[in-house]
Amino acid sequence: MAKPLIATQHLTSCFGCHMSILDIDDRILKLAKMVDFDRSPINDIKEFTWPVDIGIIEGGVSNDEHVEILKDFRKNCKVLIGIGSCAVANSVPSMRNTVPLKECLEEAYLNGPTIVDGGIIPNDEDIPILLDKVYPLHEVVKIDYFLPGCPPSADTIWNALVALLTGKELEFPYELIKYD
Amino acid sequence: MSQETVTFTLDGVKVKATKGQTIMEAADAAGIYIPRLCWHKDLPSGGNCRICTVMVNGRPAGSCLFPVEDGIVVENNTKQLKDHRCQVVEMHFIEGNHYCPSCEASGECELQALGYYTQMLTPTSPYLRPKYEVDASHPDVYIDRDRCILCGRCIRASEFLDGKCVFSFEGRGIHKRISVNAEHNLGETNMEASDRAATICPTGALMIKRTGYRIPVGKRRFDIHPIGWDIEKKKKSG
Ligand code: SF4
Ligand code: FES
């Protein structure tokens, strides 16, 4: 029987959650025996080869490209997991949400203390368009499981993956669910 | 002075209590934790947050206010009440702007701890993302209204423990805010960092400046033990 397939993706985030996936240490060998990786920054596959069993997304949704990626993941993943506070809750990227987008861009590109001789707000058609706010995944598509944490610990991720791959309920001891 | 003893049922267990106690006080003494947010042991109950709601003879009642009576039947740890509490916690998270990963109160915050206690993985409703003002005018204490859950502890502490009247609420409903009794801001009040009010906030909304992030992750109040653990411990140790 073919092994279950996993795909992973990062949106607006620091890659810390992917680091935490790698932080499962030598259990990664067990994981490699249990699953195959499809689209993921870990193997640099950028499109789905086929639909997969589990999709894992880190990061908040902050531009139009992210919306497309997320919808593509929803379409191609039987189960979609949001990992990390940026993906599932309010976190560092969403701190811009109470400041109007125009003011954020002006501060970053026109008025910031490191701007010399004016400056311009980037407006190339190849650059994704920022959304008005940064959204958690579940405000854009249906998400099946949430793993909070900044990042969720390797044990949290491992527990969740093993439970999903062996058809068990996701249950965590107290220390493994934290919002920070 | 002899105290009249009453007996009531809490989740099917007979509990002895002293007349005049609230349900919460009696439960605490019996080693049974009832979740709470606006209640504080040194303050008169406020009855603001409703997290402590239990069923008394089949009707909802705030356990931090409701006095024990002989023979009442109280339900606390039911699926319905657990769901209710998780919902209330979720609403706090979406009505404020709580950025746990960067908050100085993370690990010490009672709202966050109740999120863990009610097993909230994330708030499932959309965030409201309201705009709140920070008041950093005071040299030693600041107010970050993003994190305020309107529990009123600071108001009561300032009045009853500090003998001042620094804080009050303004506005109603979704527009309700914590405010200060001064023309403009906290810096104009007689607030001091040594006031009890300065350290009584259950979240990071009212904080003493330059004290954040002192306790390493792993050693903070709720890193290892869930909220209410100290109360439940009494029962376990007999
Ligand atoms: S500032 Fe803190 S103590 Fe005061 S009402 Fe808000 S949450 Fe409660
Ligand atoms: S603790 Fe009873 S209403 Fe808040």
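Every chain is numbered from 1 and lettered A, B, ... according to where its sequence line falls, protein lines coming before strand lines.
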D83(B) and side-chain hydrogen bond (donor to acceptor under 3.5 Å, both in side chains): which partner among Q80(B), Q87(B), K79(B)?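 Option passing the side-chain hydrogen bond (donor to acceptor under 3.5 Å, both in side chains) with D83(B): K79(B).
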Between T49(A), D72(A), T8(A), which is the residue that forms a side-chain hydrogen bond (donor to acceptor under 3.5 Å, both in side chains) with R39(A)?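 When side-chain hydrogen bond (donor to acceptor under 3.5 Å, both in side chains) is applied between R39(A) and each of T49(A), D72(A), T8(A), only D72(A) qualifies.
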For chain B, the option from [options] that forms the most heavy-atom pairs under 4.5 Å:
| options | value |
| --- | --- |
| S85(A), G82(A), S94(A) | S94(A) |
| H138(A), K178(A), E175(A) | K178(A) |
| T98(A), L147(A), N90(A), I177(A) | N90(A) |

At a heavy-atom separation under 4.5 Å, does [X] approach chain B through its side chain, its backbone, both, or neither?
| X | result |
| --- | --- |
| V134(A) | backbone |
| Y174(A) | side chain |
| Y135(A) | both |

If you measure from CD1 on I143(B) to CD on E133(B), what distance do you get to the nearest 0.5 Å?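 Nearest 0.5 Å value for the CD1-CD distance: 11.5 Å.
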Please report the interatomic distance NZ(K168(A)) to CG(L170(A)), rounded to the nearest 0.5 Å.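 The distance works out to 11.5 Å.
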Sidechain N-carboxylate O distance under 4.0 Å for D132(A), R129(B):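 Answer for the salt bridge query: no.
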Do NZ/NE/NH1/NH2 and the carboxylate oxygens of R36(B) and D28(B) come within less than 4.0 Å?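 A salt bridge is present here (some side-chain N lies under 4.0 Å from a carboxylate O).
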In terms of heavy-atom proximity below 4.5 Å to chain A, should S106(B) be classed as side chain, backbone, both, or neither?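 Both backbone and side chain of S106(B) come within 4.5 Å of chain A.
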Pick one of side chain, backbone, both or neither for Y132(B), based on which atoms fall under 4.5 Å of a heavy atom in chain A.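 For Y132(B), neither part sits under 4.5 Å from chain A.
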Ignoring hydrogens and angles, tell me if any N or O in the side chain of S91(A) forms a donor-acceptor pair with the backbone of P93(A) under 3.5 Å.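 A pair under 3.5 Å: no.
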Taking every heavy-atom pair that is under 4.5 Å apart, which of S102(B), S125(B), G115(B) has the most such pairs with chain A?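 Most heavy-atom pairs within the cutoff with chain A belong to G115(B).
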